[in-house]
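Notes for the one structure printed next.
Along the sequence shown, the residues carry numbers beginning at 1.
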Amino acid sequence: MHMHHRVSPTTESDQKPSTSRFFFGTLVFGSVLIVLTCYWIISAENRVVWELTDFSIFPTVLFAFFLLAVLTPLLKKAFKGFAPTSRELAMTYVMVSVATALAGHDIVRQLVPMIANAGWFATPENEWADIFFRFMPTWLTITDRGILQGYFEGDDTFWQQQYMEAWLWPIVAWSGLVIVLLFMMLCVNIIIRRQWIDHEKLSYPLTTLPVELLGNTSALFRNRLIWLGFGIAFGLEILAGLNYLFPVIPSLKIKYQLYFSDRPWNAVGRLPIYVYPFAIGFGYLMPLDLSLSFWFFYLFWGAQRVFFSAIGWTTAIGLQTEQRGGAWLGIGVLALITSRKHVWGILRDVFSFKSKDGLYRLAVFGLIISMGIVLVFWYFAGLSPWVALGYFSIYLILCIAMTRMRAELGPPTHELHGMHPDRIMLLFGGSRPLGAQNLTNTTLLSWLAYGYRCHPMPHQLEAFKIGRHFRFHENRLVVALIVASIVGTIVSIVGHIALYYEYRFARWGVGEFNRLQSWIISPRAPNFAAVQHIAFGFLFTGVLTFLKRQFLWWPFYPVGYAVGNGWAIGWMWFSIFLGWLFKQLLFTAGGVRAYRQALPLFLGFVFGQFLAGSFWSLLGVVLNKNMYTLFP
């Protein structure tokens, strides 16, 4: 069943707000919120808690907009014309989400160490300076240990002339690259938005939360069930946080792990039985077949490991990542194939100058120009054009796959570790055709493909879906997303560097240079076993897609197979199962009506746990003290 919200498109007048109102009420207000939330994320995730941005919706963003939704009625009474409208709040929500994705765990947090790690961790023993320093662009990296000492040891300040001068070019170059890449993703989203939203009518479960919160605020807050769900989840999280600080305070034990000691069952590894109210809520928001696919395929991946262990094919267990990589590539390619007529029509209209839609013209020419800029950028860095084109083509397919999964399934997280575009190229062709110079440059790009979790591209597309409910003017939405990309990029990169100088933060990304060293010293041959697993994942995704489209009764979606295995998923699978179970029971007993009536309870679960988890991280930043982490 497709999820259609109760919210009627917003009743506010469809008059376009004045340009000055849009500038101050959305762009400036959104930028201020971006600075505050990015500072919060960078301070918290590297210093006081572990995981805050592994999710498809960010707890800190929900925290900020929950507070704004509560305060807006009061502001309307006090300042009649100046209080933000729900449409303005929704547009700033989208801006802050895109920027938070940048500041979070998997993008800029992995980028900044790439600038500094090689210079700091090079020793006479590992011979990095002799092996690959000559291939590293000096305008993208820093190798002066005097400059880097404060960055790695803390208790210093970045705002000194010698530091700022040394970091200036890397900050400018990387910021420029990130902004162009985000614009490239936005162009792809503009091209596919109508196909996925209007023609295929994908369900976009993750847009339910912001739409209900900002477009249906008073009805939602008057509903008792949301406060019941909120109270349960918030209370559990506050108790857990107090128990972390003061162990004498008891907390409810709702997290267990099962271990199997006998072969072949021990191949499963751990089987976490963790109850996360927020994940139960997300499971309830997903269409039924999709949440079923999600937890079924988590168990399927475990069963696959048991089977491989039983027949003695243990090497295959280590190649499950490649199999999932194949599934992601399959979903990306299939999404492009199903959209091919739509895309071809747009290209034909734009190049024959028949297209009335200015956004399509912007997107098509913007995509060509931004791809050109990226290729020229890396040509000057020393990356061969064919490698750069191959790298970014594979990367875009993986990004489209992730955006598609979010649009169709709305999983609480999605991750793919270890499947970097250059590593995929390496599996197929070995390391010799690439050579040391190309491998050094693609290693500097490894932050792009760290885990594919907090990623801006799905948030950009969800912005267009949210925009349908609030009747955004799409040109203005595109402007807001570009502003969010620019502000978010600069704040995230400078914020990470400045805070690293101030505090001792977690270390990231050293392993990438160890891997580069071993690739150069002992070149890799093509890995045909890994290629077979990629091909299997790709073909199995195709088969699942065929079955789903041909037979109405077939319950399993290919996105469940692609998303259903991974570090973060492992902790959440049981909660997704519970969300599915409650929804299944309510549907069986009372149909759609019962499901609708219970929806606020499950939204309350998400709000309650995410707000309490955000509260603990904020308290940790203020008190400069380690705190309880909501996940894992």
Side-chain H-bond candidate by donor/acceptor type, N438 with S384, under 3.5 Å: yes
Ring geometry between F610 and F55 (parallel below 30°, tilted from 30 to 60°, perpendicular above 60°): tilted
Between F58 and W40, ring centroids under 6.0 Å: no
Qualifying residue, where the test is ring-ring contact (aromatic ring centres under 6.0 Å, His included) with Y163 and the options are Y501, Y500, Y151, F158: Y501
Side-chain donor or acceptor of E408 paired with backbone N/O of V559 under 3.5 Å: no
Reference residue W139; test ring-ring contact (aromatic ring centres under 6.0 Å, His included); the match among F377, W169, F380: F377
Side-chain (Q460) to main-chain (L186) donor-acceptor, under 3.5 angstrom: yes
Pairs where residues 358-376 contributes a residue and the test side-chain hydrogen bond (donor to acceptor under 3.5 Å, both in side chains) is met, not counting sequence neighbours: none
Mutual orientation of the aromatic rings belonging to W378 and F392 [parallel < 30°, tilted 30-60°, perpendicular > 60°]: tilted
is_close_aromatic(Y204, F464), centroid dist under 6.0 Å: no
Whether F513 and F132 hold their rings parallel, tilted or perpendicular, with breakpoints at 30° and 60°: parallel
Check: T442/R423 side-chain N/O donor and acceptor closer than 3.5 Å: no
